[in-house]
Amino acid sequence: MFDIGFTELLLVGLVALVVLGPERLPGAVRTTGLWVGRLKRSFSNIKAEVEREIGADEIRRQLHNERILDLEREMKAMKESIMPPSPSPSSSSDARSATTEVTKPAPEPAPASNPDRSPEP
């Protein structure tokens with residue numbers, strides 16, 4: 001939050017030790033800790049109340065849903081760019097009739113009769 005490093009804290013502690021002395025320093029640190037804790041709690045309560053007032057949760061939910069919809073649209077566009085569009089139903093019936101004509105087997109020729117062989121019973 002304030003970007004205070006270890007060396008700064010050490011310097012503040014040494015100055016407090018010199019100014020307050022070893023007898024009053026523990027009580028001052030304890031009191032400072034209590035006040036900092038109270039300030040943090042009050043700021044977090046105020047923040048939660050303001051968010052509740054403006055409906056921040058609902059806004060976050062709407063933004064999240066919009067992001068999901070945008071991703072779905074992108075995926076659909078990518079899928080359509082990769083895969084060719086499917087044929088329409090009317091052209092598919094024409095395609096089926098054309099394939100049936102091509103795939104019909106040719107009629108088998110009638111067996112030639114062999115006069116030397118007698119029919120088998």
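Counting begins at 1 with the first residue of the sequence. Everything numeric here is computed off the predicted structure, so don't read it as measured data.
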*Asks:* Taking it one step at a time, do R60 and L63 satisfy side chain to side chain contact (heavy atoms under 4.5 Å, CB included)?
*Replies:* CA-CA 5 Å; R60 280 192 200 110; L63 288 173; 5.7 Å; no
*Asks:* For R61, check salt bridge (charged side-chain N to carboxylate O under 4.0 Å, His left out) against everything at least two apart and list the hits.
*Replies:* E58
*Asks:* Step by step, would you call R73 with D70 a side chain to side chain contact (heavy atoms under 4.5 Å, CB included)?
*Replies:* CA-CA 5 Å; R73 286 185 197 119; D70 289 341; 2.9 Å; yes
*Asks:* Hey, what do you get for CE (M78) to OG (S81), rounding to the nearest 0.5 Å?
*Replies:* 6.5 Å
*Asks:* Kindly check if the number of other-residue, nucleotide or ligand heavy atoms within 6.0 Å of CZ (R38) is above 12?
*Replies:* yes
*Asks:* Could you point out which residue of V18, L17, V19 forms a side-chain contact (heavy atoms from CB on, under 4.5 Å) with V15?
*Replies:* V19
*Asks:* First locate atom OG1 of T32, then atom CG of L25, and finally report the distance between them rounded to the nearest 0.5 Å.
*Replies:* 9.0 Å
*Asks:* I'd like to check the salt bridge (charged side-chain N to carboxylate O under 4.0 Å, His left out) partners of E8; sequence neighbours left out, ordered by chain and number.
*Replies:* none
